[in-house]
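In what follows, a structure is listed as structure tokens, so that the remarks can point back to it.
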Amino acid sequence: MSINLQSHAFAGNPLIPKTPKSSDPVSPNQAYETLKTQLLDNTHLPSSLSFKVLPFRKGRPLASSTGGTSDSTPNWHLGWISLSECKGLLANSGVELSGESLVYLGSRSEDDVVYWAIDVSGESSVVPELGSKQLCFVELRTLMVATDWADARAMGELAIAGHARALLEWHNISLFCGHCGGKTVSKEAGRRKQCSNELCRKRVYPRVDPVVIMLVIDRENDRVLLSRQSRFVPRMWSCLAGFIEPGESLEEAVRRETWEETGIEVGEVVYHSSQPWPVGPNSMPCQLMVGFYAYAKSLELNVDKEELEDAEWHSREDVKKALAYAEYRKAQQTAASKVEQMCKGVEKGQNFSADFNVESGELATMFIPGPFAIAHHLISSWVYQDAGDNVAARLKQPSGSTSNL
């Protein structure tokens with residue numbers, strides 16, 4: 001089963017194709033000034049701009065679900081509310097909505113709507129009020145698995161939710177200046193922060209943590225090195241990955257991480273693609289997964305058991321079989337139905353597995369992460385490279401150079 005996407009999950013955000021000019025009404029600063037005017041204006045005078053707000057609670061975006069029948073899978077949607085609805089929702093909790101609590105997400109070129117995100121984690125009373133409208137806060141990982149990767153709308157909404165979560169979580173962990181300890185204040189409609197200490201005034205920008213993720217291939221291009229971590233669900237194998245060290249190039253990080261975790265020496269490193277990953281720990285609001293193919297110069301494994309549970313060489317046939325047995329569509333439909341039940345108030349549980357059950361009736365010895373992960377595409381592109389995959393075609397004859405990046 002080979003699944004090719006237009007872009008990776010969480011990439012292709014339709015709200016941020018380009019930054020508007022500062023004089024544009026939908027630019028961050030101009031939109032923010034209009035927003036503040038509307039918040040102060042109780043007469044609701046007409047405006048050329050309208051605003052939509054996406055509430056989050058404990059890292060979970062507000063969502064709804066529609067279209068579920070006995071013959072069709074339900075579709076989830078982000079739970080956008082108007083600025084006046086957001087103001088009223090917080091007022092019912094005794095909180096006055098201010099511009100500083102909203103974070104600018106962007107706008108679409110085809111309309112005059114500016115989109116914002118807000119964290120309402122401290123207002124527990126909003127949950128039943130939104131629940132009465134069949135809206136609920138859903139784990140972003142659950143929405144990720146529930147997303148139909150063939151649906152451009154759904155993929156776009158997932159990217160928006162990922163971007164919003166990354167910004168809000170960054171705001172939550174950057175309340176104080178790392179230089180002097182002073183309180184930080186929001187600037188440029190939440191796109192950056194600044195220390196309030198007049199002697200410091202240090203600017204702080206959203207954090208991105210780069211990670212290399214690599215599929216290590218043997219000299220004959222017949223086997224790949226896959227690993228398991230203790231946190232993985234049973235029988236799941238994936239690519240090696242690791243954070244980049246300061247002063248290190250991407251290619252150097254690939255070689256170092258592979259050597260440290262498995263004892264394998266890597267030569268040529270070939271870039272594949274990259275993926276934003278806003279579903280990691282809260283301390284790292286948005287990782288950027290940078291994917292590579294790495295050619296092994298050695299084969300003997302020396303696995304670091306503190307980092308990995310295991311690592312093994314796997315043949316192309318074994319990996320192809322694992323991809324064939326996995327029922328990723330079934331997992332997506334199961335997750336979509338779970339979201340629908342949650343929004344209806346039937347399903348209260350929030351802690352769904354990141355992968356759900358992706359196996360068919362015939363139990364395989366291993367399976368690969370689903371199509372929402374860059375690891376899936378690194379692995380499937382290699383497995384099906386004879387089917388005409390342009391990226392994988394470059395891998396058949398290593399050039400011997402150090403990198404094609």
Side-chain angles (χ1 to χ4, degrees), residues 13 15-16 18-41 51 53-61 83 86-87 89-91 93-107 114-124 126 161-211 243-248 276-288:
N13 186 342
L15 299 186
I16 54 172
K18 60 182 179 181
T19 302
K21 294 181 179 179
S22 58
S23 58
D24 194 314
V26 299
S27 68
N29 288 336
Q30 293 283 349
Y32 184 63
E33 291 303 315
T34 306
L35 175 111
K36 289 195 297 182
T37 300
Q38 289 198 19
L39 287 176
L40 293 172
D41 178 22
F51 300 105
V53 182
L54 180 62
F56 276 72
R57 177 172 167 79
K58 299 179 180 178
R60 300 166 179 164
L83 185 62
C86 185
K87 188 176 180 179
L89 188 69
L90 292 179
S93 300
V95 177
E96 183 178 359
L97 178 61
S98 65
E100 290 77 12
S101 59
L102 292 157
V103 174
Y104 177 90
L105 299 180
S107 63
V114 179
Y115 298 85
W116 305 79
I118 188 171
D119 190 342
V120 296
S121 298
E123 327 309 329
S124 58
V126 304
H163 173 60
R165 181 183 189 273
L167 285 176
L168 290 174
E169 292 301 316
W170 167 71
H171 272 271
N172 288 336
I173 64 171
S174 58
L175 299 175
F176 300 95
C177 175
H179 182 68
C180 74
K183 186 178 179 180
T184 58
V185 293
S186 179
K187 294 289 184 178
E188 295 181 19
R191 284 161 47 101
R192 70 173 178 89
K193 303 186 84 172
Q194 187 167 323
C195 179
S196 60
N197 181 351
E198 290 294 334
L199 298 177
C200 179
R201 307 291 288 173
K202 185 178 178 64
R203 293 185 175 192
V204 187
Y205 291 91
R207 171 175 171 172
V208 177
D209 293 279
V211 178
F243 289 97
I244 298 168
E245 296 287 348
E248 186 176 50
W277 193 248
V279 287
N282 290 348
S283 59
M284 289 176 282
C286 190
Q287 298 168 24
L288 178 65

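Scope of the values below: all heavy atoms of this structure, side chains included, with no hydrogens, waters or symmetry mates. All of these numbers come straight from a predicted model, not from anything done at the bench.
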Heavy-atom closest contact (S27 atom, K21 atom, distance): CB-O, 3.2 Å
Okay, side chain of K87, backbone of L39: is any donor-acceptor separation there less than 3.5 Å? yes
Non-hydrogen side-chain atoms of L89 and V120 separated by less than 4.5 Å: no
Atom pair OH/CG of Y104 and L167 - distance to nearest 0.5 Å: 11.5 Å
Test F243 against D209 for side-chain contact (heavy atoms from CB on, under 4.5 Å), laying out the working first. CA-CA 8 Å; F243 289 97; D209 293 279; 4.1 Å; yes
Return each pair, listed once, that meets side chain to side chain donor-acceptor pair (under 3.5 Å) where at least one residue sits in residues 184-194; pairs must be two or more places apart or across chains. T184-K193, E188-R192, R192-Q194
Of all the heavy-atom pairs spanning V103 and G190, show the shortest one and how long it is. CG1-O, 4.0 Å
I173 versus P285: any side-chain heavy-atom pair under 4.5 Å? yes
Once you round to the nearest 0.5 Å, how far does CG of L90 lie from CD1 of I118? 5.0 Å
Rounded to the nearest 0.5 Å, how far apart are CZ of F51 and CH2 of W116? 6.0 Å
Under 3.5 Å, is there a donor on one side chain and an acceptor on the other for D119 and S121? yes
On a heavy-atom basis, which atom in C200 and which in H179 lie closest, and how many Å separate them? SG-CD2, 3.8 Å
Considering all heavy atoms, the nearest A117-L168 contact: CB-CD1, 3.9 Å
Where L288 and P276 come nearest, the two heavy atoms and their spacing: CD1-N, 4.0 Å
Under a 3.5 Å distance rule, please check whether W170 uses its side chain to pair with a backbone N or O of Y205 as donor and acceptor. yes
Give, for atom NE2 of H163 and atom SG of C286, the distance between the pair rounded to the nearest 0.5 Å. 9.5 Å
Can you tell me how far apart CG (L35) and CG (L97) are? Round to the nearest 0.5 Å. 7.5 Å
A quick test of your reading: do over 12 heavy atoms of other residues, nucleotides or ligands sit less than 6.0 Å from CD of E245? yes
Rounded distance [0.5 Å steps], OG1 in T34 versus CG in N29: 11.0 Å
Identify the two heavy atoms, one from L15 and one from L105, that lie closest to each other, and give their separation to 0.1 Å. CB-O, 3.9 Å
